[in-house]
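Atoms considered below: every heavy atom in the structure, side chains included; atoms not considered: hydrogens, waters and symmetry mates. By convention here, the first residue in the shown sequence is residue 1. Just so you know, ligand 1 is whichever comes first in the structure, and atom 1 is the first atom listed for that ligand.
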Amino acid sequence: MVRGGCAHDCPDTCAWQVEVEDGRAVALRGDPAHPFTRGGLCAKVDRYPELVYHPDRVLHPLRRVGAKGEGRFERVTWEAALDAIAARLRDVAARSGTEAILPFSYAGNMGLTQYAGMDRRFFARLGASRLHRSICGDTANAGVAATNGTPTGIRPEDLRHARYIVLWGTNTVVTNLHLWPFVAEARRAGARVVVIDPLRTRTAEAADWHLRPRPGTDGALALGLMHVIVAEGLHDADYVARYTVGFEALRERLAEFPPDRVAALTGVPAADVIRLAREYATTRPALIRTLVGAEKHAQGGMAFRNIACLPALVGAWRERGGGLLHWTRMLHTDALDTRAVGMPELARRPTRTISMVQIGRALTDPALAPPIEALVVYDANPAVTAPGQGRVLAGLAREDLFTVVHDMFVTDTARYADYVLPAASFVEQWNLLYPWGHTWVVLNRPAIAPRGEAVSNGELFRRIAGALGFAEPAFQDSDEELIRTALRRGHPLLAGVTWERLLAEGWAPLALPDDWRPFAAGGFPTASGRCELEAPALAAAGLDPLPAYVPPPPSPWPLTLVTPKATPHFLNSSYAHLPRHRRAAGAPVLDIHPDDAGPRGIRDGGRVRVTSAAGALTLPARVGDRTPPGVVSMPHGHWSSLEAGVSANALTSDGLADMGGGGDFYGTRVEVTDIPLPTGPPPAGRVGRRVG
Ligand SMILES: Nc1nc2c(c(=O)[nH]1)N[C@H]1C(S)=C(S)[C@@H](COP(=O)(O)OP(=O)(O)OC[C@H]3O[C@@H](n4cnc5c(=O)[nH]c(N)nc54)[C@H](O)[C@@H]3O)O[C@H]1N2
Ligand SMILES: Nc1nc2c(c(=O)[nH]1)N[C@H]1C(S)=C(S)[C@@H](COP(=O)(O)OP(=O)(O)OC[C@H]3O[C@@H](n4cnc5c(=O)[nH]c(N)nc54)[C@H](O)[C@@H]3O)O[C@H]1N2
Ligand SMILES: [Mo]
């Protein structure tokens, strides 16, 4: 048995144990002793050896022999691949400068060692363009931090103490499974569970009460709640006076958001706004749980900024289990020596930054100087996961673009690669996991040797650095050494979190006090040291310093498309190509409300055409109340190559949110039209084609 943990981009970061027989990983189970994940794994990874030994795994370097996108490759040696890659990178650098080279990575592997280690050292030293890795969480975090100075809220286990739980734009049962037992525990003790989500998700179905704002209107809903709380004197005047700034200015702003107007803006009935405000303000401890659902909108940052004002207004931070539960990663990055791991000082000069959300634009922008001529993709599958897929694919198809993809499979992105390099699976590599959904550091140690010629991200960039002749000792550190480096800083939160303990036990908690209430008595890490109901720093960034919501301009497209993580069987686009997972998830369908289906002549099960400014696709409709009127939805993650182009991002907008550099793609505007069934005689072409 070898101890490890899951490096997927997921708040749960499960600790697991791998059973190994004759050098083969035969089974995987959750570590029952781990206090947060408690022995459970999810439907994605509970049979992880299926992925490790999958016949489609890339086990050797591949060179493209077909057209871009076609997916035809031949096997080459590592030496040949590295020589060719080094030669091409040198060539691009000589012709157009090193900024013509762009890394594209996200959190396919989100352990510190493999997410932001040797790769960061390599691209800093190379002088490549930087990637703004902002597709997930940055907008939400910027919004929460605008109010509280940090995205960090309470410890997730303390949710069990809450008696009023608002799951705001998060589908806990599907996306954050291991938090659900804590919700259930609180509920057994009498907690009420409220879900705020336009869609009727599995989590909404499991809640006591489901409120359905129109997508992108949470900022207005939060203002409406604050209006009622202050108008009825339900706020905690003592907490507000001691630990916040800007209450009087906020009160004036709230006058603009009475329940009737908020109902008109959000679609949530005024009576429900009032009731939620009263229940939230008068039940203790009251907890709001957010992740990222409400961020992917034009005003997503402001929505989180507004939501984050609520706990301070009612003094919810005072009680254990009260406040905001949002993000724990910052505690880990504060504690670990992430700088010593990534070594940003290897960069000799500043270089430009490209937004990952707008990678399609960057790859196709004729005005971008220098253009991106070489792209190195790892830990990501942007052909499926980046918004505005049409432009992304057009960019990847450019004949003058040199693309290297490091992955375990020939993904839809890898189909466009000049070289595909084999990546190690989680059970084949070292990693230090620093979760964004709990406060336990988890060590992953390799259980088996990498299959074939697969290598970890760390080893990949050591090899490319070697091929380019980078002589700095920074490029000699092993993956294990990077882990020891991260732990070396002596930060108080790492008291007891040692390499030796992690090796022996697999995981260890950040050293937080047992009864940890971060803002029970103020102490917000803002400029003022208080919770900033009015935030002057926002004004400096050209944003409203007060909680705000501005109705969006009218759109020519009548419906809003939300494309969430809807199945427990996919992790973004990962697993969406494995037959068992694909079958379990089912083929994509478009959820549409009868009020929208009826006038369009759309029937349940009938095929529909969905069109947006970015693209169009055809799929079956499911008519019902999973979406409210005006909103349609299809799941995210399906591969275009496997689903005849039915991949959510074919439709999505690649605009930016107001803060943090995230996207606005959950607010994509679309139209849906019925595709009539063929009727009458068969088409002329087929008539008379009888043989004989
Ligand atoms: N099974 C599974 N689990 C996953 C993932 C996965 O792909 N599959 N992905 C992982 C990743 S990368 C992440 S970031 C997390 C994300 O975890 P979540 O944030 O929980 O997931 P999302 O599906 O992005 O969004 C949650 C909900 O927000 C709703 N939503 C959309 N727009 C709005 C809005 O304007 N207001 C409100 N109130 N709600 C809105 C959507 O309908 C959706 O149900 O999940 C992680 N866990
Ligand atoms: N429409 C729509 N678009 C979305 C979202 C949505 O809900 N709707 N969600 C957004 C969010 S929140 C996120 S986080 C992004 C996620 O977008 P991505 O980060 O692109 O996520 P994945 O699709 O999981 O792709 C990760 C890839 O990394 C590979 N991988 C895994 N481990 C390793 C490793 O150790 N090394 C290397 N080199 N590769 C590895 C996997 O095989 C997989 O192909 O998608 C975003 N896009
Ligand atoms: Mo994400």
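Within 4.0 Å of ligand 1, heavy atoms belong to protein residues Asp9, Pro11, Lys44, Cys136, Trp168, Gly169, Thr170, Asn171, Val174, Thr175, Ile196, Asp197, Pro198, Leu199, Thr201, Pro215, Gly216, Asp218, Leu291, Val292, Gly293, Ala294, His297, Trp436, Val562, Pro564, Lys565, Thr567, Pro568, Phe570, Leu571, Asn572, Tyr666.
Close approach of ligand 2 to Thr411 (heavy-atom distance below 4.0 Å) involves ligand atoms 44 (O). Heavy-atom proximity to Phe426, at under 4.0 Å, picks out these atoms of ligand 2: 32 (N). Atoms of ligand 2 lying under 4.0 Å from at least one heavy atom of Met408, given by number and element, are 31 (C), 32 (N), 42 (O). Residue Tyr378 has at least one heavy-atom neighbour below 4.0 Å for each of these atoms of ligand 2: 38 (N). If you number the atoms of ligand 2 from 1 as listed, the ones under 4.0 Å from a heavy atom of Asn381 come out as 20 (O), 25 (O). Close contacts of ligand 2 with Gln429, meaning ligand atoms under 4.0 Å from a residue heavy atom, involve 35 (O).
A cation-pi contact, defined as under 6.0 Å to the ring centre and within 45° of the axis, links Arg120 to Tyr115. For the pair Arg582 and Trp639, the cation-pi test (distance below 6.0 Å, angle within 45°) is failed. A cation-pi contact links Arg463 to Trp78, judged by a cut-off of 6.0 Å to the six-membered ring centre and 45° from its axis. Cation-pi check for Arg451 over Tyr53 is not met; the charged atom does not lie both under 6.0 angstrom from the ring centroid and within 45 degrees of its normal.
Ligand 2 has a nitrogen or oxygen under 3.5 angstrom from a nitrogen or oxygen of Asn457. Taking any N or O of Thr652, backbone or side chain, none lies under 3.5 Å from an N or O belonging to ligand 2.
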query: Can Gln114 and Asp479 be said to form a side chain to side chain donor-acceptor pair (under 3.5 Å), step by step?
result: CA-CA 8 Å; Gln114 309 299 348; Asp479 290 359; 2.9 Å; yes

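In this structure, Arg212 does not pair ionically with Asp197, as no charged nitrogen and carboxylate oxygen lie closer than 4.0 Å.
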Please list every donor-acceptor pair under 3.5 Å in which a side-chain atom of residues 625-633 meets a protein atom from a residue at least two apart or in another chain.
from	atom 1	to	atom 2	distance (Å)
Asp625	OD1	Arg200	NH1	2.1
Thr627	OG1	Val631	O	2.9
Ser633	OG	Val562	O	2.9

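Neither the backbone nor the side chain of Gln114 comes within 4.0 Å of ligand 2, counting heavy atoms alone.
Residue pairs meeting the salt bridge (charged side-chain N to carboxylate O under 4.0 Å, His left out) criterion with at least one partner in residues 406-415, sequence neighbours excluded, do not occur; the list is empty.
A distance-only check finds a donor-acceptor pair linking the side chain of Arg669 to the backbone of Trp557 [under 3.5 Å].
Taking Asn141 as the reference, His326 meet the side-chain hydrogen bond (donor to acceptor under 3.5 Å, both in side chains) condition, with sequence neighbours excluded.
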